[in-house]
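Read through the structure below, which is laid out as C-alpha cells, and then see the notes.
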Amino acid sequence: MVASIAAVAAFVVAPSMGWWFPTPGYSLSPLGAQIDDLFYLILAITGVTFIGVHVALVYILWKFGSGKGERGVFTHGSHTLEVVWSIVPAGILLFIALYQMDVWARYRVKSNFDAEALAHPIAEVTARQFEWRIRYPAPGKTLQDTPQFDDLYTVNDLHAPTGRPVVIRLKSEDVLHSFYLPQLRVKQDAVPGLAIPVWFQCDKVGEWDLVCAELCGWGHYKMRGQLTAQRDAEFQKYLQDLQKSQFDDGVPLAKAAE
Amino acid sequence: MSEHNAHAPAADHAHEQNHPHVNYWMIFGILCVLTVISWLADEIGNKGLVLAIVVLAVATAKALFVMMYFMHLKFEGPWKYVLLAPTMVLALAIPAALMPDIGSHYYDFEAPQITEDVASHDGDTHDGKHPAEPAVKH
Amino acid sequence: MSTINPAQHLGAHEHGDAHAHGGHHEIGFVKKYIFSTDHKIIGIQFLFTTLLMLFLGGALALGVRWQLAFPWREMPIVGKLIFADQGGAIPPEFYTMLFTMHATVMIFLVIIPVLAGAFGNFLIPLQIGADDMAFPVLNMLSYWFMWPAVFFFVGSFFVEGGAAAAGWTSYPTLSANMSAAPASGLGQTMWLMGVTFVGFSSMLGSVNYMTTIINMRAPGMTLFRMPMTIWGMFITAILQAFALPVLTAAGFMLLFERTLGMSFFTPGGLVINNAPATTGGGQVLLWQHLFWFYSHPAVYIMILPAMGMVSDMISCFSRKPLFGYRPMVYSISAIAGLGFIVWGHHMFTSGMNPALGMTFMVSTIMIALPSAVKTFNWLGTLWGGNIQFTVPMLNSIGFVSMFVVGGLSGIFMAAVPVDIHIHDTYYIVAHFHYVLFGATLFGVFGAIHFWFPKMFGRMMSEKVGKVHFFLSFIAFNCTFFPMHMLGVAGFPRRLADPYHYPYLSHLMPLNQFITYSAILMGFAQFLLVGNFIYSIFKGKKVGRNPWNANSLEWTAPSPPGHGNFESVPVVYRGPYEFASPLVSEDFLLQTTYLPHEDRRAPQPAAH
Amino acid sequence: MSHAAAPAHGHAHAPVLKMGVPIPNGKLGMWLFLGTEIMFFTAFIGTYIVLRLGSKGWPTDPADTHISIYAGAINTFVLITSSVFVVLAHEAVHNGKFKLATNWMIATTALAFVFLGIKSYEYYGKISHDILPGHVAESPRQALDKLARELDDASGVLPLQSELNRLENEIAATQAEKALESLKKDREAIQGKLKELDPILADYRKLKEKAKYGAATNVEAAKLVHDIAPDLKALQEKYPQFNAVHEPHPIKWGNTFASIYFLMTGFHAAHVIIGMIMFAIVIVLGTANKLGAQHAVMVENFGLYWHFVDLVWIFLFPLIYIV
Ligand code: HEA
Ligand code: HEA
Ligand code: CUA
Ligand SMILES: [Cu+2]
C-alpha cells in the first residue's frame, strides 16, 4: 500500500543519494556493464510485476473491503486464468533465464576467456587471513604454477594494465575468501585447494577497491586490498621498479613479502 | 501387480496382514550365490570400471531380493512406489550432482597429494614398497 | 482412532482438558503440561519456546545493528557489562558470533520450530480430525530434543573462545579447523551438536507428521479436502525427511573432522593461522553442496507452512472459497520438488563448475513459476470477496505483499551474472529477511491471532493486534528495504566494520536509519507478547468457532479436550465452502451433512 | 489414496472408514524413517564416491589399506543369514509361535555379535597399523617425520628430559633448603632413569637422525622409506619398547580413506548396535513369556530395520572391499 509507493520512490531517489552502484555508478569493465544491463532489465521486469501486483492488491482491498458486507462470490477458481498466469510468467522467466546465459558463459567458462590473457596470467593472488598476497612473474616472464626465485611479491596491492582482459590465478592458503572488485562487478571465492583463473578488464585508470567478500574469520572486515589500474607502459614500469626494489642489492630475497 | 490380486480374498480377514509364504531359505541361497559372484569377480582379477559395474549390479540385485522378499515389498500396495521412488531419485541425484565439482575438477586441484606426486615420481614404482618383508598381517 | 468409536462420546466436555474422561486417571501437572504427549500442549510448548527465542535472536540482531550503525562505539545498557575490556564496544570476533548465532537462533529455534513444531503440532490432528499424533511419545521427544540444542547454542557463548563464528552456513575450512578463528574451538563444536539435536527433533517430527497425515485422517477427509495448512505441513515434512538427513550426515562429518582428525572438507597443505600444514584430502566445496542440499529446501520448509496458513486465513476473511485449490496444492508440491534441485544458486561464485551454475540458474528461476501461481491465486481469492480486515487478515495480506518483494529480489540473485555482483552483499540480507520475516513471520503473527482462540478459548485484542501489525509492517520495511540499496552499492554482509572501505563510508547514515527502524520493530514485538500473555488470562472468552470458519478444528471445543473431538468427525467437503449457495450462512462446516448435496460423501455414521 | 470414503459394509459395529494406506501407523512410520535413513547413508556413500573419484590415486592395494575381502564377505554372509533369522522370527510371531520367535531372535542377536566381532577384528588391524584418520603419512617425507616422532615417543626419553629440565629450573629458582633437597633427590632419580636408557639411546638416536635428515629430496625419501625398515626391525628386536613404532608406510589419500572407512562402517556398526537393542527388547519379552500377537507389528518393524542395516552393508561391501 503506502509501503509500495515508498518502495518505488526509494528506487527512484536511490541513485542520487549514492545508494546505488558503487562510485562512479557505472561499471568500469565491459563485462560489468553487461551485468548492469541485466540488472536493469530484471529491475524493469520485476518492477512492473511488483507494481502490477500491488496495484491489483490495493484495488481489490479497496473495492471488496468496503465493509458493505455483501456475500462473497462463490467460485472455486478458473481454469483459464490458471493457465494464463502460468504461461505468461513462464515465458518471461524462461526469457530471463536464457537471455543471461551468454554473460555467464563469458564470465566463467574458460574456453571463452581471452586465450592470450589465460596463457599469461598477470599475477597469482593468494588470500590468507587477513591479507592478499600477490606474486607477479618477473618482467618479461610468464607466471609459473610454482614460485620462482625471481618472482615479485606485494601484499594487498594489485596492479593491472587497463584496456585489455587480464587473468589472475586465485588461490587461498587457509580458509575461504572472496576476491571482489565492486566497481568492476567481479567476484570469485578463493577456495583452498583450487587455483581459479579470474579474468577482468578495467577500462579506467585509477585506484579501485579490492574487497574480501567471504567471511574468513574475525579480521574479515579489514582484509582490504587495492586494485591499481594503469596503462600498460606504466604497469610494466611498475613491475620493473618492483623488481629493482626487491633485488637491488644483488642478493635475491627468495621469499620476502615486500 | 498381479500378485496383489492373489491376496485379495484374504483381505476379508480381520487380522489380514499380508502374509505371503516365501521360501526364505531359497532367497538366502540366492543371496549367498550373489555374494560369491561378486567375490569371484574380484578374485578373477577384474579391475576398475568393469569390476565396479559388476559388483554394484550384483549388490543392486541383492538389495532387490532383500527388499522384495525379506521386507515384503513384493506384497505391499502401491504406496511403496510413492515412498521409494523419490528417495531413489534423490539418492542417485546427490552423487550425480556432486560429480562435476568434487568427482572431477573444472579448476586446477592443488592438493599436496597431487603436487608432491609430480615432484617425486621419477622411477619409484609402487610395487617396490616392501622390499624387506612382504606385508604380513592384513 | 480411525474407526468411529461411540465410546468417544463419553469424552464430551466443553473444557474437557482438565477432567478425566472414560477410564482416564487425573494426570499430574508435570505429565500434563511438561512431559505431555498431547499434541496441543506440545504445540503450545513449542510456541512459548519459540517466542522466547525470537527475543533472544532479536536481541542478537540488535547487537549486529548497533555495530553497523555506530561501529566501535560503546553499546548502550549492556556494553559495559559484557565488553568491559573493550570500553563497551563490540569486538570484531564477537560481531561474527553475533550474526552467526542470530541466524542460528532465528532459523533453528524460531522459524522452523514455530511452523512445524508449534502450528504443525497444534493443527495437524485438529484439522484432519484425529485425536492425536500417530506417535505421541516421539512427539514429546521432538520437543525435548530442542532443549539440548538451546543449551548448546546459548551455552556456547560462555565457553572459551565464544560461540560459533563461521556464519550460520559454517563453511569449512573456517569452521573445520580448530585454530582458524578465536571462536572456532569448542563453540563451533557445540554449534554442530546443537544443529544435530534440532535435526533429530525435526526428523522425529516429520516422520510423525507424515504418518499422521497419511493414515489418521477422519472419515471422508480425502487428500483434496485437506486445508492448505495441512498440505503445507505435509510437504514440509517430506522436505524435512529427505533433506535433513543429508545435513545431519554432513554435520557429523564436520564434527568428526574437528574432533577425530578425519578429513572430508579440508584439503592438505593449508597453513591456517600460522599453524603447521594440515593433512587430509578433503574438498571444500563438498560441504557447501551438502549444506545447501538441505538448507535450500529448508528455506521452503520455512515458508510453505506459512503459505498454507495464510491461504486458510485469506479464504476465511474474504468469506470466499480459496481460488484454485488444486493449483495451489500442485504449486506447493512443485516448489518442494524444484526446491531440491536449486541448491547451487547459493554457490554461484564459489568456484563451482560453470555448467552446474547454468543448470542451477534455470531451475532457480523456474521456481518463481509456482510461486506466481500462488500469488495470483491469493489475489483471486480476495477478488470478489467480502473482505474483513481482522488482525490475521492484515498479517496475511502483509505476507503476500512481502513475499512478492522478497521473491522478486530472489530473481535478481537467481540470475547468475547479477548474482556475481550482489552475492554476499546486503542485497541477500534484504532478500531473505523479506521472505523470512516479511513473509513467514507475518504469517506466523497472523496465525497466532487466528488460532489463539482455539488454543486458549479466548481472543487476543484486535486493537493491540492492529497497532502491532502496522508498527511492525512499517518498521520492517524501513529496516530491510534500504538494504537492497546497500547491496547494490556493494556493501558486503558479515563485515564488522564496513566503513573500513572508503567506498562505503557514505552509507553510514542509511545504516543508522536502519538501526533506528530495527529498534522500533524490536519494541513493537513487546505489543505482541504483551497481548499474547494478557489475553491468555484476560481475553474475551469465545465459543468453538469465533471466525465462522469451516475446517474441523472449529468444531471442537475451545480449547479442545484430551482426544480433541467429542465424536469422530465425518467430513463431507473441502474446507473452503464459504458463501456456499447451499446454506444461508456464509460458511459451511466440513462436517455439516447436507442430504441434498450431490457428493460422494459417506452417510453419517449410524449411532 | 483418496478412495477411502466408501461406506463400510455388513459389520454390526461402527463403520471402518480408514483413510490412508492399509498398513499400521507403526509400519508406515518405520518405512518413512527408513526413507530418511536412506538419505543419511546416501550422503556418506555419495561423499565417498565423489571424493574417491576426485582424488587421483585412491589407495586400493590391500597392503596399504589392510582391507580383507574375506572378512567383508564373511560379514556379508553373517548379515544375510541374520536377515533370514529375523524374517523367520516375524513369521513365527505371526503364527503364534512365540517361543520359536524368541529363539530366532536370539540367533539373530548372536549373529549380530559375530558381525561386530569380525568388524572389531578389522578395526584392530587398522589401528595396529595406525591407519587412522589424521595419522597416516601421505608422502615419504611425512612417513619419515612420523617415524622420527614415534621413535621419540617410544624411547621414553623426551618426558624424562623435560621433567629434568623442569627440575633444573626449579632448583635454580628455589631458595628453601628443605625443598632443594627433595628436588635434588628427584633429579637424581630421573638422571638414574636416563642412565638406564643410555645403551639404547645411541642406537635410537642414530635411526632417528637418519629418518629426519637422511633424505634431501622426495625421491631420496621414498628410497629411504624402504631402506630404513630393516634398521627399525633390528632396533625393535634389540629393545622391545620400540615395538609400538610403526614401519614407515606412506599412503597417498590415506587419511581421507581412513576417514571415510571409519565413518561409513562406524555408522553402520552403530545401526547394528541399535538393532541389537531392539532385539534385546523382544528377547526379554519372549523369555518373560510376554510376547504376544500384539507385538507382531513391533517385531515386523524391528525386522524391517534390520533388513535395512543389511541393505546398507550389501552396498558397503562392494564399495569398500572390492572396488
Ligand atoms: C523463506 C525463505 C526463502 C524463500 C521463500 C526464498 C525464495 C527464493 N530465493 Fe532465497 N534465500 C533465503 C531464503 C528464502 N529464499 C535465504 C535465507 C538466503 C540466504 C542464505 C545465506 O546465504 O545466508 C537466500 C538466498 C538466495 C540466493 C543466493 C544468493 C547469494 O547468496 O548470492 C538466491 C539465488 O538465486 C535465492 C533465490 C531465491 C528465489 C529465486 C526464490 C523464489 O522461491 C522466489 C519466488 C517468488 C517470486 C518470484 C514472487 C512471486 C511471483 C510473482 C509475483 C510472479 C511474477 C514474477 C516474475 C515474472 C519474475 N535466494
Ligand atoms: C527468521 C529469520 C530471521 C529473522 C526473524 C531476523 C530478524 C532480524 N535480522 Fe537477521 N538474519 C537472519 C535471519 C533472520 N533475521 C539470517 C539467516 C542471517 C544471516 C546470518 C549469516 O550471515 O550467517 C541474518 C543476518 C542479519 C544481518 C546481517 C549481519 C551481517 O551480515 O553482518 C542483519 C543486519 O542488519 C540482521 C538484522 C536483523 C534484524 C534487525 C532483525 C529484526 O527483525 C529483529 C527484530 C527484533 C525482535 C523481533 C526481538 C525484539 C527484541 C528486543 C526488543 C530486545 C529485548 C530483549 C530481550 C527481552 C531478551 N540479520
Ligand atoms: Cu578474507 Cu574475508
Ligand atoms: Cu536457496
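Lettering follows sequence order; numbering is per chain, from 1.
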Roughly how far, to the nearest 0.5 Å, is the CG atom of Leu215(A) from the OG1 atom of Thr100(C)?
6.5 Å

Highest number of heavy-atom pairs under 4.5 Å with chain C: which of Pro192(A), Pro89(A), Ala97(A)?
Pro192(A)

Shortest non-hydrogen contact from Leu379(C) toward Ala56(A)
CD1-CB, 4.3 Å

Shorter than 4.5 Å, heavy atoms on both sides: which option in Ser172(A), Ala213(A), Gly219(A), Ala190(A) has the most such pairs with chain C?
Ala213(A)

Interface check, chain A: of Tyr325(C), Tyr501(C), Tyr171(C), most non-hydrogen pairs under 4.5 Å belong to Tyr501(C)

Pairs of heavy atoms under 4.5 Å with chain C: top-ranked of Cys216(A), Gly77(A), Ser27(A):
Gly77(A)

May I ask you to name which of Leu504(C), Asp419(C), Asp497(C), Thr266(C) has the most heavy-atom pairs under 4.5 Å with chain A?
Asp497(C)

I'd like to know if the side chain of His421(C) pairs up with that of Tyr180(A) as donor and acceptor (distance under 3.5 Å, no hydrogens or angles considered).
yes

The interface call for Leu81(A) against chain C, heavy-atom contacts under 4.5 Å, is side chain

Measure distances from Met358(C) to the heavy atoms of chain A and classify the residue's part below 4.5 Å as side chain, backbone, both or neither.
both

In terms of the angle between their ring planes, are Phe39(A) and Tyr427(C) parallel, tilted or perpendicular, with boundaries placed at 30° and 60°?
perpendicular

Locate the shortest heavy-atom distance separating Phe323(C) from Ser78(A); write the atom from each residue and the value.
CZ-N, 3.6 Å

Max heavy-atom pair count under 4.5 Å with chain C, selected residue of Val191(A), Val103(A), Thr75(A):
Thr75(A)

To the closest 0.5 Å, what do you measure between CG (Asp424(C)) and CG (Asp189(A))?
7.0 Å

Looking at Ala166(C), Gly490(C), Gly384(C), Pro172(C), which one has more heavy-atom pairs under 4.5 Å with chain A than the rest?
Gly384(C)

What distance separates Gln288(C) CD from Leu176(A) CG, expressed to the nearest 0.5 Å?
5.5 Å

With the side chain counted from C-beta on, respond yes when Arg494(C) and Glu214(A) share a heavy-atom pair under 4.5 Å apart, and no when they do not.
yes

Output, in order, the C-alpha distance, side-chain angles, deciding distance and verdict of side-chain contact (heavy atoms from CB on, under 4.5 Å) for Trp85(A) and Thr375(C).
CA-CA 10 Å; Trp85(A) 65 45; Thr375(C) 309; over 6 Å; no

So which heavy atom on Tyr221(A) is nearest to which on Ala496(C), and how close?
CB-N, 3.6 Å

How long is the straight-line distance from CZ of Phe74(A) back to CZ of Phe578(C), given to the nearest 0.5 Å?
11.0 Å

Quick one: does Ile397(C)'s side chain get under 4.5 Å of Leu61(A)'s, heavy atoms only?
yes

Check step by step if side-chain contact (heavy atoms from CB on, under 4.5 Å) holds for Phe376(C) and Ser86(A).
CA-CA 10 Å; Phe376(C) 296 136; Ser86(A) 307; over 6 Å; no

For Tyr40(A), does the OH atom sit with more than 12 other heavy atoms under 6.0 Å from it, leaving out its own atoms?
yes

Between Gly487(C), Gly282(C), Ala415(C), which has the largest tally of heavy atom pairs under 4.5 Å with chain A?
Ala415(C)

If you measure from CG on Leu194(A) to CG on Leu285(C), what distance do you get to the nearest 0.5 Å?
6.0 Å

For the atom pair CD1 (Ile420(C)) and NZ (Lys187(A)), what is the distance rounded to the nearest 0.5 Å?
9.0 Å

Highest number of heavy-atom pairs under 4.5 Å with chain C: which of Gln100(A), Met101(A), Gln129(A)?
Gln100(A)

Check whether any side-chain heavy atom of Leu57(A) sits under 4.5 Å from a side-chain heavy atom of Leu382(C), and report yes or no.
yes

The interface call for Phe476(C) against chain A, heavy-atom contacts under 4.5 Å, is neither

Taking Gly324(C), Pro492(C), Gly380(C) one by one, which has the highest count of heavy-atom pairs under 4.5 Å against chain A?
Gly324(C)

Assess, by modelled atom type and distance only, whether the side chains of His220(A) and Thr96(C) contain a donor and an acceptor separated by less than 3.5 Å.
no

Any side-chain heavy atom of Pro354(C) within less than 4.5 Å of one from Trp104(A)?
yes

Counting heavy-atom pairs under 4.5 angstrom with chain C, the leader among Lys110(A), Lys222(A), Arg106(A), Arg128(A) is Lys222(A)

Asn386(C) versus Phe64(A): any side-chain heavy-atom pair under 4.5 Å?
no

Report yes if some heavy atom in the side chain of Leu495(C) is under 4.5 Å from a heavy atom in the side chain of Cys212(A); otherwise report no.
no

In terms of heavy-atom proximity below 4.5 Å to chain A, should Pro321(C) be classed as side chain, backbone, both, or neither?
both

Does any heavy atom of chain A fall under 4.5 Å from the side chain of Leu174(C), the backbone, both, or neither of them?
both

Is Val198(A) close to chain C through its backbone or its side chain, or both, or neither, when contacts mean heavy atoms under 4.5 Å?
neither

Heavy-atom pairs under 4.5 Å with chain A - which of Val418(C), Asn377(C), Val362(C) has more of them than the others?
Asn377(C)

Checking Glu82(A) against Arg326(C) for the side-chain contact (heavy atoms from CB on, under 4.5 Å) test, could you report, in this order, the C-alpha distance in whole Å, the side-chain angles of both residues, the deciding distance, and whether it holds?
CA-CA 10 Å; Glu82(A) 294 303 339; Arg326(C) 282 191 182 228; over 6 Å; no

Per-residue contact mode, Val404(C) against chain A (heavy atom under 4.5 angstrom):
side chain

With heavy-atom distances below 4.5 Å as the criterion, would you say the side chains of Ile96(A) and Ile411(C) are in contact?
yes

Return the minimal non-hydrogen interatomic distance between Leu43(A) and Phe412(C), and the atom names on each side.
CA-CZ, 3.5 Å

Under 4.5 Å from any heavy atom of chain C, what part of Ile60(A) do you find: side chain, backbone, both or neither?
both

With side chains defined as the heavy atoms from C-beta onward, is the minimum distance between Arg224(A) and Pro502(C) less than 4.5 Å?
yes

Given that the side chain runs from C-beta out, which part of Leu210(A) has a heavy atom under 4.5 Å from chain C: side chain, backbone, both or neither?
backbone

Excluding sequence neighbours, so at least two apart, what forms ring pair (Phe, Tyr, Trp, His ring centres under 6.0 Å) with Trp218(A)?
Phe130(A)

Does any backbone or side-chain atom of Asn177(C) lie under 4.5 Å from a heavy atom of chain A? Answer side chain, backbone, both or neither.
neither

Between Trp383(C) and Tyr59(A), does the side-chain contact (heavy atoms from CB on, under 4.5 Å) criterion hold? Intermediate values first, please.
CA-CA 9 Å; Trp383(C) 181 276; Tyr59(A) 172 74; 3.8 Å; yes

